[in-house]
Amino acid sequence: VGFAMSRLSSSQWLTGGALVAGAYWLFKSWKDEREMQQRIEARRALHKKMTLEPRDDWTLHEIARYTGSDPELPILTAIDGEVYNVWRGSEWY
């Protein structure tokens, strides 16, 4: 094997290196795109899960279950009779 490798010309080494680099770049691009799509889909699923239909008739008892202690539910806060969904800023609440 060592003997066969030593018989390759510099242009053959460069061509082989370029092919390996190109294959790596294609694979990395595909992998990065796939991971980005997975993150986008996960964010969309989270957004859908955390969205509640607007209502004007919330009670304190109903709002009390949306404290952020359950990661499957959004975080709601009530200020001056208005209810706000603040799950996007969960690190602040």
J.: Report the residues that fulfil side chain to side chain contact (heavy atoms under 4.5 Å, CB included) with Phe27, sequence neighbours left out, ordered by chain and then residue number.
T.: Trp30, Lys31

J.: List, by chain and then residue number, the residues other than Trp25 in its hydrophobic cluster (Ile/Leu/Val/Met/Phe/Trp/Tyr, side-chain heavy atoms under 4.5 Å); write none if there are no others.
T.: Leu26

J.: Listing request: all salt bridge (charged side-chain N to carboxylate O under 4.0 Å, His left out) pairs with a residue in residues 49-59, at least two apart in sequence or in separate chains.
T.: Lys49-Glu72, Arg55-Asp57, Arg55-Glu62

J.: For a quick test of reading the model, state the closest non-hydrogen atom pair linking Ile75 to Gly68 and the distance between them.
T.: CG1-CA, 3.5 Å

J.: Does one hydrophobic cluster hold both Trp13 and Val20, with members joined at side-chain heavy-atom distances below 4.5 Å?
T.: no

J.: Could you list the residues that satisfy salt bridge (charged side-chain N to carboxylate O under 4.0 Å, His left out) with Lys28, not counting sequence neighbours?
T.: Asp32

J.: Do Glu33 and Gln37 meet the criterion of a side-chain donor-acceptor pair at a distance under 3.5 Å?
T.: yes

J.: For Glu82, give me all partners under salt bridge (charged side-chain N to carboxylate O under 4.0 Å, His left out), at least two apart in sequence or on another chain.
T.: none

J.: Between Tyr66 and Val83, does the side chain to side chain contact (heavy atoms under 4.5 Å, CB included) criterion hold? Intermediate values first, please.
T.: CA-CA 11 Å; Tyr66 298 97; Val83 177; over 6 Å; no

J.: Could you list the residues that satisfy side chain to side chain contact (heavy atoms under 4.5 Å, CB included) with Arg65, not counting sequence neighbours?
T.: Leu73

J.: Is there a path of hydrophobic side-chain contacts, each under 4.5 Å between heavy atoms, that joins Leu8 and Leu14?
T.: no

J.: Verify the neighbour count for atom CD1 of Ile40: are there more than 12 heavy atoms of other residues, nucleotides or ligands below 6.0 Å?
T.: yes

